[in-house]
Amino acid sequence: MPELPEVETTLRGIEPAIAGQVIRRIKVHQGSLRWPVNANLAQLVEGQTITHLSRRAKYLLMQLEHGSMLVHLGMSGSLRIVQANTQLRKHDHIEMQMSNGSTVRFHDPRRFGCWLWSEGAHQQLAHLGPEPLSEDFNGHRLYQLSRKRKVAVKPFIMDNKIVVGVGNIYASEALFRSGIRPDRGAGNISLQRYIELAGHIKEVLAAAIVQGGTTLRDFVNGNGEPGYFQQTLAVYGRGGEHCVACKGLLKEIKLGQRSSVFCARCQR
DNA sequence: ACACTAACCTGCAAGC
DNA sequence: TGCTTGCAGGTTAGTG
């Protein structure tokens with residue numbers, strides 16, 4: 001479920017309930033995630049205040065007094081604020097009770113997510129490219145880093161060293177808006193087109209954040225509500241259907257093991 | 001350095 | 001109805 005807009009939506013949903021609160025109790029029901037949850041997590045963080053919440057790429061960072069917890073939602077993860085007596089669901093792996101009575105539940109059927117504690121910097125954040133909505137990310141960067149690259153442009157913009165936070169949904173949508181075929185070689189695209197593409201990446205991510213993310217299957221924000229960007233998707237998940245612009249049939253191919261839908265007439 | 005593949009895991013939908 | 005197959009929002013580790 002989670003690309004950058006969904007993570008941002010989750011952050012905004014849970015922040016009011018937990019920022020500034022003391023962690024009273026953490027229960028780990030299933031610690032076998034992407035990386036094992038620290039076996040001593042509870043004794044390490046219980047009693048500490050969550051001073052600040054932030055996002056980097058698709059990671060959520062909960063800053064505590066003596067370290068931080070880094071949470072990733074993987075493919076199927078979600079964080080929700082629930083009342084303490086709410087029935088535990090299957091795949092609710094971690095729950096965190098706060099001093100104000102709020103409880104955060106981490107739910108992740110596929111367990112590709114993570115929940116890591118560190119007193120210092122997190123290794124996962126060490127080699128990430130710029131945030132897509134920052135000024136450090138622009139068409140010039142895409143152009144410069146793509147020279148002589150043979151990889152297709154879609155996996156290129158999904159590469160976290162190039163720019164973070166662009167997943168399969170929004171990469172597909174930004175390429176459609178830019179009129180660029182997802183399988184075009186990254187090194188074979190002009191500066192002018194990359195400037196447009198960077199602009200559309202920012203545009204599509206910002207629009208999705210405003211609408212609370214894209215709800216596929218069961219994505220919900222921190223309050224259990226769905227996102228509405230799905231209604232705006234032009235190509236993602238629409239292989240074989242009609243192009244919203246030219247009415248032609250949308251094609252579906254695989255690039256880097258990810259399904260990629262595009263319009264062969266509108267995208268070149 | 002780069003290009004590409006397999007892998008992690010569960011649930012669901014489609015096909016037989 | 002029931003079984004098998006393939007696919008799903010991400011990222012890393014390993015190959016050549």
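All chains are named by letter (A, B, ...) in the order of the sequence lines, taking the proteins before the strands, and each is independently numbered beginning at 1.
In this entry the distance linking CG of A:D108 with C1' of C:dA8 reads 13 Å, nearest Å. We find that CG of A:L73 is positioned 17 Å from C1' of B:dC8, with the value rounded to whole Å. Between the CG atom of A:L60 and the P atom of C:dG10 there is a distance of 15 Å, given to the nearest Å. Residue A:Y236 contributes atom OH, which lies 13 Å from atom P of C:dC7 at whole-angstrom precision. Separating the CD atom of A:Q257 from the C1' atom of B:dA6 is a distance of 7 Å, rounded to the nearest angstrom. Between A:H107 atom NE2 and B:dC9 atom P the separation is 17 Å, expressed in whole Å. Rounded to whole angstrom, the span from the CZ atom of A:R34 across to the P atom of B:dT10 amounts to 15 Å. The interatomic distance linking A:M75 (CE) with B:dG11 (C1') rounds to 12 Å, in whole Å.
Distance check on atom P: B:dA3 versus C:dG9 gives 22 Å, rounded to whole Å. Nucleotides B:dC9 and C:dG14 have their P atoms positioned 15 Å apart, rounded to a whole Å. Distance noted for atom P between B:dT5 and C:dC7: 14 Å (whole Å).
By the rule that hydrophobic residues join a cluster once side-chain heavy atoms approach within less than 4.5 Å of another member, A:I94 and A:I14 end up as members of one cluster. No path of Ile, Leu, Val, Met, Phe, Trp and Tyr side chains, each step under 4.5 Å between heavy atoms, connects A:V164 with A:I169, placing them in separate hydrophobic clusters. At a threshold of 4.5 Å between side-chain heavy atoms, the hydrophobic network of Ile, Leu, Val, Met, Phe, Trp and Tyr places A:L44 and A:W35 in two separate groups. In this structure, A:L61 is not a member of the same hydrophobic cluster as A:F106, with clusters built from ILVMFWY side-chain heavy atoms closer than 4.5 Å.
The side chain of A:H91 places no N or O atom within less than 4.0 Å of a non-bridging phosphate oxygen (OP1 or OP2) of B:dC9. Between A:R258 and C:dG9 there is a side-chain N or O to OP1 or OP2 distance below 4.0 Å. Here A:K90 reaches the OP1 or OP2 of B:dG11: one of its side-chain N or O atoms lies under 4.0 Å away. OP1 or OP2 of C:dT11 lies within a sub-4.0 Å distance of a side-chain N or O belonging to A:H72. Of the side-chain N and O atoms in A:K58, none sit less than 4.0 angstrom from OP1 or OP2 of C:dG9. In this model, the phosphate group of C:dT11 is not approached by any side-chain N or O of A:Y59 to a distance below 4.0 Å at OP1 or OP2. One finds no side-chain N or O of A:S259 lying less than 4.0 angstrom from the OP1 or OP2 phosphate oxygen of C:dC7.
At distances below 3.5 Å, at least one donor-acceptor pair connects side-chain atoms of A:S118 with backbone N or O atoms of A:G120. A:E65 contributes a side-chain N or O that, together with a main-chain N or O of A:T49, makes up a donor-acceptor pair within less than 3.5 Å.
Scanning both residues, A:Q48 and A:G67, for their nearest heavy atoms gives OE1-N, 4.3 Å. Here the closest heavy-atom approach between residue A:P2 and residue A:V7 is recorded as CB-CG2, 4.0 Å.
A distance of 10.5 Å separates CG in A:L4 from CG in A:L11, rounded to the nearest 0.5 Å. One finds the CG atom of A:L205 at 10.0 Å from the CD atom of A:E131 (value rounded to the nearest 0.5 Å). The distance from the CD atom of A:E46 to the CG atom of A:L64 is 11.5 Å, given to the nearest 0.5 Å. Taken from CD1 in A:I180 to CZ in A:R193, the straight-line distance is 4.5 Å, to the nearest 0.5 Å.
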For residues 110-117 of chain A, which side-chain N or O atoms pair as donor and acceptor with protein atoms under 3.5 Å away, sequence neighbours left out?
from	atom 1	to	atom 2	distance (Å)
A:R111	NH1	A:S32	O	2.9
A:R111	NH1	A:S32	OG	3.4

Distance-only donor-acceptor pairs under 3.5 Å for side chains of residues 15-25 of chain A, two or more places apart:
from	atom 1	to	atom 2	distance (Å)
A:Q21	OE1	A:S99	OG	3.0
A:Q21	OE1	A:N100	N	3.3

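Listed by first and then second residue, the salt bridge (charged side-chain N to carboxylate O under 4.0 Å, His left out) pairs involving residues 115-126 of chain A amount to none (not counting sequence neighbours). Listed by first then second residue, pairs satisfying ring pair (Phe, Tyr, Trp, His ring centres under 6.0 Å) with a partner in residues 59-84 of chain A read A:Y59-A:H72, not counting sequence neighbours. Screening residues 201-213 of chain A for salt bridge (charged side-chain N to carboxylate O under 4.0 Å, His left out), with sequence neighbours left out, gives A:R177-A:E203. Among residues at least two apart or in separate chains, there is no salt bridge (charged side-chain N to carboxylate O under 4.0 Å, His left out) pair with a member in residues 242-268 of chain A.
Less than 4.0 Å separates DNA chain B from at least one heavy atom of each of the following residues of residues 137-155 of chain A: A:R149, A:K150, A:V151. A heavy-atom distance below 4.0 Å to DNA chain C is reached by these residues of residues 110-129 of chain A, ordered by number: A:R110, A:F112. Scanning residues 156-167 of chain A for heavy-atom distances under 4.0 Å to DNA chain C yields A:N160, A:G167. Non-hydrogen atoms lying under 4.0 Å from DNA chain B are contributed by nothing in residues 171-188 of chain A.
A donor-acceptor contact under 3.5 angstrom links the side chains of A:H107 and A:D92, judged on distance only. Counted by atom type alone, A:S178 and A:H200 present one or more donor-acceptor pairs between their side chains at under 3.5 Å.
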The dot-bracket string of DNA chain B, counting Watson-Crick and G-U wobble pairs with both distances under 3.5 Å, using [ ] for crossing pairs and | for pairs to another strand, is .|||||||.|||||||
Scan nucleotides 13-16 of chain B against the protein and return all N/O pairs shorter than 3.5 Å with their distances rounded to 0.1 Å.
none

